Amino acid sequence: MKTLFSLLIITFLPILSFAQDAASKNVQAGLVFGSGLNFQELRTDYFNSGGAGTDLTVGMNFNFNFTETIGLCTGAEFDFSHTHYDVDSTFSTIFYHYSDKQIIQKRDYSSSQSYGTFLLRSRTDKSIYLTIPTMFLFRTKFIGYFRYFGKFGLKNSFLLKTESFDEGIDFGTNSITGTAINTDANKDNMTTKGNMFFYKGAIGIAGGAEWNFSGSTSLVGELGYYYGITPLYWERDTDNEKLSLFTSGFNNGKGNDVYNPIKARQSQLMLKVSILF
């Protein structure tokens with residue numbers, strides 16, 4: 001019995017000491033990597049979701065531990081996000097004017113200048129965001145090497161860069177009532193000033209486990225869902241001056257070009273892995 005008791009102490013003493021190292025830390029910091037899916041909820045008749053997009057995340061996370069079981073998770077993450085949607089061809093035809101790689105907004109358009117015109121069929125937006133999560137952290141105490149947690153809070157993302165990759169019909173400088181120069185055209189790395197909303201906010205909930213595998217170093221895995229509460233694109237604008245997509249007065253029944261916002265919200269399903277020290 002004494003021998004068995006001694007073996008149990010020898011076996012579990014390192015586990016208890018490792019867990020104590022991580023449990024006693026007031027701040028944990030480390031690297032985070034993530035991958036997930038973007039789901040677009042389009043609130044307009046002009047566009048359809050082209051399926052789920054993708055998201056890749058890299059950055060740093062910090063856990064500020066108020067107690068052993070309650071804390072706050074924040075940090076700085078870079079999100080590389082892909083968003084795809086299609087124009088609903090049964091409803092309308094959507095155009096934009098362009099100059100080289102620049103998509104022209106209504107406020108910058110001048111009939112005295114020569115612009116190219118593109119009929120849009122589908123678009124993929126590739127964006128880079130700086131994300132600062134603010135998530136409350138609720139954890140169990142360590143059970144051996146492991147403890148389990150849940151998170152709830154906000155995911156705050158700030159747009160750094162975005163480019164559009166378009167498919168459609170290129171009319172060049174010809175009239176849209178004339179001959180297209182390419183009926184199966186691609187426009188890559190196109191930019192539009194002020195097209196996307198600079199802030200993307202989401203309410204998130206996540207859960208996972210922390211493995212304290214060495215000293216105070218832990219490997220953390222989590223699965224989270226984030227529900228978007230802000231628009232992806234500018235939706236409201238005086239006289240639509242910041243908008244770039246329009247239906248033509250030639251065939252929209254209005255007699256003049258009508259600019260249309262892309263009304264969309266985005267939700268995400270994310271899997272993250274981090275190493276905390």
Side-chain angles (χ1 to χ4, degrees), residues 40 42-51 53 81-129 159-200 230-266:
Q40 285 63 248
L42 291 167
R43 302 178 179 183
T44 175
D45 292 329
Y46 296 112
F47 303 100
N48 296 318
S49 175
S81 177
H82 289 191
T83 304
H84 183 78
Y85 53 90
D86 300 317
V87 174
D88 189 341
S89 59
T90 63
F91 183 83
S92 185
T93 50
I94 299 293
F95 298 88
Y96 65 75
H97 298 298
Y98 68 89
S99 175
D100 192 23
K101 295 295 184 179
Q102 181 68 42
I103 296 175
I104 306 301
Q105 294 176 302
K106 180 182 178 182
R107 63 183 177 181
D108 296 324
Y109 177 76
S110 172
S111 59
S112 63
Q113 297 189 36
S114 179
Y115 297 111
T117 303
F118 192 82
L119 188 153
L120 184 64
R121 294 301 190 197
S122 67
R123 169 174 287 180
T124 299
D125 283 326
K126 297 182 180 181
S127 307
I128 302 175
Y129 290 90
L159 183 66
L160 300 179
K161 179 183 178 181
T162 186
E163 292 181 333
S164 297
F165 294 75
D166 297 337
E167 297 179 0
I169 299 175
D170 191 2
F171 286 87
T173 56
N174 296 337
S175 168
I176 61 174
T177 61
T179 303
I181 64 173
N182 190 341
T183 58
D184 189 20
N186 294 310
K187 287 291 183 183
D188 295 337
N189 304 105
M190 303 298 289
T191 60
T192 312
K193 293 183 295 183
N195 177 42
M196 300 191 74
F197 200 59
F198 72 94
Y199 171 73
K200 182 173 69 172
T230 58
L232 276 180
Y233 303 90
W234 281 101
E235 295 181 2
R236 299 177 181 178
D237 179 32
T238 303
D239 297 324
N240 294 330
E241 290 297 310
K242 292 183 179 180
L243 302 183
S244 58
L245 302 179
F246 64 90
T247 58
S248 172
F250 171 70
N251 60 4
N252 64 10
K254 304 292 185 181
N256 59 283
D257 295 346
V258 177
Y259 283 78
N260 307 278
I262 306 173
K263 296 182 179 181
R265 299 289 191 274
Q266 185 181 80

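As a basis for the values below, the full set of heavy atoms in this structure was taken, side chains included, without hydrogen atoms, waters or symmetry mates. Keep in mind that this is a model prediction, so the values were computed, not measured.
- Rounding to the nearest 0.5 Å gives a distance of 9.5 Å between CG of Leu120 and CD of Glu167.
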- Task: Test Leu159 against Lys200 for side-chain contact (heavy atoms from CB on, under 4.5 Å), laying out the working first.
- Result: CA-CA 8 Å; Leu159 183 66; Lys200 182 173 69 172; over 6 Å; no

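- In this structure, the separation between OG1 on Thr117 and CD1 on Ile169 is 12.5 Å, given to the nearest 0.5 Å.
- Note that Lys106 lies outside the cation-pi zone of Phe246, set by a 6.0 Å cut-off to the ring centre and a 45° limit from the axis.
- Proximity of Leu119 to Ile176: side-chain heavy atoms (C-beta onward) are nowhere separated by under 4.5 Å.
- In this structure, Arg121 CZ and Asp166 CG are separated by 12.5 Å, a value rounded to the nearest 0.5 Å.
- Separation of atoms CG (Asp88) and CG (Asn48) is listed at 4.5 Å; rounding is to 0.5 Å.
- Of all the heavy atoms in Tyr115 and Ser99, the pair that sits closest is CD2-CB, 4.1 Å.
- Contact of the Ile262 side chain with the Gln40 side chain is not registered, since no non-hydrogen atoms from C-beta on lie closer than 4.5 Å.
- Among the candidates Asp125, Thr83, Thr44, the single residue satisfying the side chain to side chain donor-acceptor pair (under 3.5 Å) test with Tyr233 is Asp125.
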Run the numbers on Tyr98 and Asp170 for side chain to side chain donor-acceptor pair (under 3.5 Å), then give the verdict. CA-CA 10 Å; Tyr98 68 89; Asp170 191 2; 2.8 Å; yes

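- A 4.5 Å side-chain heavy-atom check between Asn260 and Ile94 finds at least one atom pair inside the cut-off.
- Formation of a donor-acceptor pair under 3.5 Å by the His97 side chain with backbone atoms of Ile103 is not found in this model.
- Distance check: Ser164 OG to Asn195 CG gives 6.0 Å after rounding to the nearest 0.5 Å.
- Contact record, Ala185 with Phe118: CB-CE1, 3.7 Å, taken as the closest heavy-atom pair.
- Within 6.0 Å of OH in Tyr199 there are more than 12 heavy atoms belonging to other residues, nucleotides or ligands.
- Within 6.0 Å of NZ on Lys161 lie no more than 12 heavy atoms contributed by other residues, nucleotides or ligands.
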*asked:* Evaluate His84 against Ser122 for side-chain contact (heavy atoms from CB on, under 4.5 Å), listing each step before the verdict.
replied: CA-CA 8 Å; His84 183 78; Ser122 67; 4.0 Å; yes

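- Ring planes of Phe197 and Trp234: perpendicular class, angle over 60° (limits at 30 and 60°).
- Pairing each heavy atom of Ser49 with each of Asp86, the nearest pair is O-OD2, 4.5 Å.
- Taking each heavy atom of Gly178 and Phe171 in turn, the nearest pair found is O-CE2, 4.0 Å.
- At least one side-chain heavy atom of Lys193 sits under 4.5 Å from a side-chain heavy atom of Gln102.
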**Asked** Stepwise, does the side-chain contact (heavy atoms from CB on, under 4.5 Å) test hold for Tyr96 with Met190?
**Response** CA-CA 11 Å; Tyr96 65 75; Met190 303 298 289; 4.3 Å; yes

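- With a 4.5 Å cut-off on side-chain heavy atoms, Arg107 and Lys242 count as touching.
- Other residues, nucleotides and ligands contribute only 12 or fewer heavy atoms inside 6.0 Å of the CG atom of Asp184.
- Taking each heavy atom of Pro261 and Tyr259 in turn, the nearest pair found is CD-O, 4.2 Å.
- Between Lys101 and Asp188, the shortest heavy-atom distance links the atoms NZ-O, 3.0 Å.
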Run the side-chain contact (heavy atoms from CB on, under 4.5 Å) check on Phe165 and Asn189 step by step: do they pass? CA-CA 6 Å; Phe165 294 75; Asn189 304 105; 3.4 Å; yes

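- Side-chain contact check for Gln266 versus Ser81: some heavy-atom pair is nearer than 4.5 Å.
- In this structure, OG1 in Thr192 is found 9.0 Å from CD1 in Ile104, a value given to the nearest 0.5 Å.
- A distance-only check finds a donor-acceptor pair linking the side chain of Asp257 to the backbone of Gly249 [under 3.5 Å].
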